[in-house]
Amino acid sequence: MAGDLFAGDEPAPLHGGAGAPVPLAERLRPSRLSDVVGQEHLTGAEGAIGRMVAAGQLSSIILWGPPGTGKTTIARLLAEAVGMRFAPLSAVFSGVADLKKAFADAEKMAASGKRTLLFVDEIHRFNRAQQDGFLPFVERGTVVLVGATTENPSFALNAALLSRAQVLVLNRLDDAALATLVDRAEAEVGRALPVTGEARAALIASADGDGRFLLNQVETLFAAAIPDPLDPAELASFLHRRMPVYDKDRDGHYNLISALHKSLRGSDAQAALYWMARMLVAGEEPLYVLRRITRFASEDIGLADPQALVQCLAAKDAYQFLGSPEGELAIVQACLYCATAPKSNAIYKAQKAAWIAARETGSLAPPANILNAPTGLMKDLGYGAGYRYDHDAPDGFSGDNYWPDGMEPADYYQPVERGFEKRIAERLAWWDARRRERDGG
């Protein structure tokens, strides 16, 4: 049977409860990792998951990705591929008692020679104490933990847990992967989806990378008695959802957003307004356009005009308050403001440089002088020793060191001589001069 990504925790029955038909997504559940679409960078022969399966050995992992990208299915198929017992839990519905039972069951199975893959969906919803509860069982090998999360693990999970698990990032499904799901659904049902080619592309685009959502929409279309194929406008009306209109290969969508972005960067306000109008008149979701302009405000304007980002966020509030068409005028205002603002990508370049440095020096601790010392032990260890409180300095500046030991200070952010960044450059130079004075240089 053809497969897709999305499934519950038990094998699919022929019917749902009380003889109800099995949902399409359940019927299309894959039986092999090779059936999973859109995550070949992980499941392929050279991917992290592919290598684990080839070796027959799993380590604990965290699957991080958007909804509807196959996290649960990958975990289940991983267990099957290496002959492990699959034990699913949801952090939404499970508590301490459920965890204790899962660990006790895993220990019993381990005693009989059967290893357990403990899958925890939405693992970020467990608090720190509950997350710490996994550690001894993971360290002893009682369970191989596979957690799934839509939240950034760096913020949502304990450092101790992250140090014992490999984080694997799942991609939002691209158009090719989503089209494959539609093809499989048509093969399963035995007939073509009742939409035109343009509407099919719009349906795929509306899923925004979520395969589960797409298949639910496809099932709705198959369940209806639709005599003639729906065009994009009819599809939008049928699904009660505004559908973007794209040409068949969707090049038009990407061409228009590229034209808008480059017109903004080139400070051609008239052209930017034209390309934005082309997208909105064609049926593009207004908030999608505004998201791209907001990104532009940070990437291509930044602190050269700090009000650009404020304008974009105000436009979001106005649009959400007024809706279409009245609220679209606020998006026009943000677009024109950004097009006419002074430009700088200094923040964008600073972020890239700082991120590279953080990855290369991620194990360096902050210097002891700027560490808090809330306990006597920490004070005895030298935490906070020699810290100089800036407000006690004559000009409110101590010139203290804030860089890790063994790491030279760096200049990631280098403002340009345009707009407000010219003033910021002067400020940075002033602080640097004061710092050199304090250092005696």
Distance-only, no hydrogens or angles: does the [X] side chain make a donor-acceptor pair with backbone N or O of [Y] under 3.5 Å?
X	Y	result
N372	P374	no
T340	Y337	yes
D98	G95	yes
Q39	V36	no
N158	Q131	no
W64	L170	no
K71	P66	yes
E360	A357	no
E219	L24	yes

Inter-residue atom distance [X].[atom1] - [Y].[atom2], 0.5 Å rounding:
X	Y	atom1	atom2	result
L168	L42	CG	CG	5.5 Å
D305	R418	CG	CZ	12.5 Å
C338	Q311	SG	CD	8.0 Å
N127	Q130	CG	CD	4.0 Å
I301	L264	CD1	CG	7.5 Å
R427	K422	CZ	NZ	14.5 Å

Is it true that [X] and [Y] make a salt bridge, defined as a side-chain N closer than 4.0 Å to a carboxylate O?
X	Y	value
R200	D231	no
R191	E186	no
R388	D400	yes

Is there a donor in the side chain of [X] and an acceptor in the side chain of [Y], or the other way round, less than 3.5 Å apart?
X	Y	answer
S324	E328	yes
S398	D390	yes
R292	Y288	no

Closest contact, heavy atoms only, [X] versus [Y]:
X	Y	value
R184	D35	NH1-O, 2.8 Å
A272	A339	CB-CB, 4.5 Å
L215	A185	CD2-CB, 4.2 Å
P367	D405	CB-OD1, 4.1 Å
A75	V146	CB-CG1, 3.9 Å
N369	N401	ND2-O, 3.3 Å

Task: Check against side-chain hydrogen bond (donor to acceptor under 3.5 Å, both in side chains), S263 and D268 - done: CA-CA 5 Å; S263 298; D268 191 329; over 6 Å; no
- [ ] Mind jotting down which residue pairs meet the ring pair (Phe, Tyr, Trp, His ring centres under 6.0 Å) criterion with at least one end in residues 400-424? Sequence neighbours excluded, please.
- [x] none
- [ ] Please step through salt bridge (Lys or Arg N to Asp or Glu O under 4.0 Å) for the pair D300 and K343, ending with a clear verdict.
- [x] CA-CA 6 Å; D300 288 277; K343 305 300 189 294; over 6 Å; no
Open item on the list: Angle between ring planes, F119 versus F86, binned at 30° and 60°: parallel, tilted or perpendicular?
Closed with: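 Aromatic pair F119/F86 classed parallel.
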Task: Other residues, nucleotides, ligands: >12 heavy atoms within 6.0 Å of R423 CZ - done: no
- [ ] Measure from NZ or CZ of R435 to the centre of the six-membered ring of W431, then state whether that distance is under 6.0 Å and the direction lies within 45° of the axis.
- [x] no
TODO: Please identify each residue that fulfils side chain to side chain donor-acceptor pair (under 3.5 Å) with T150, with sequence neighbours left out.
DONE: none
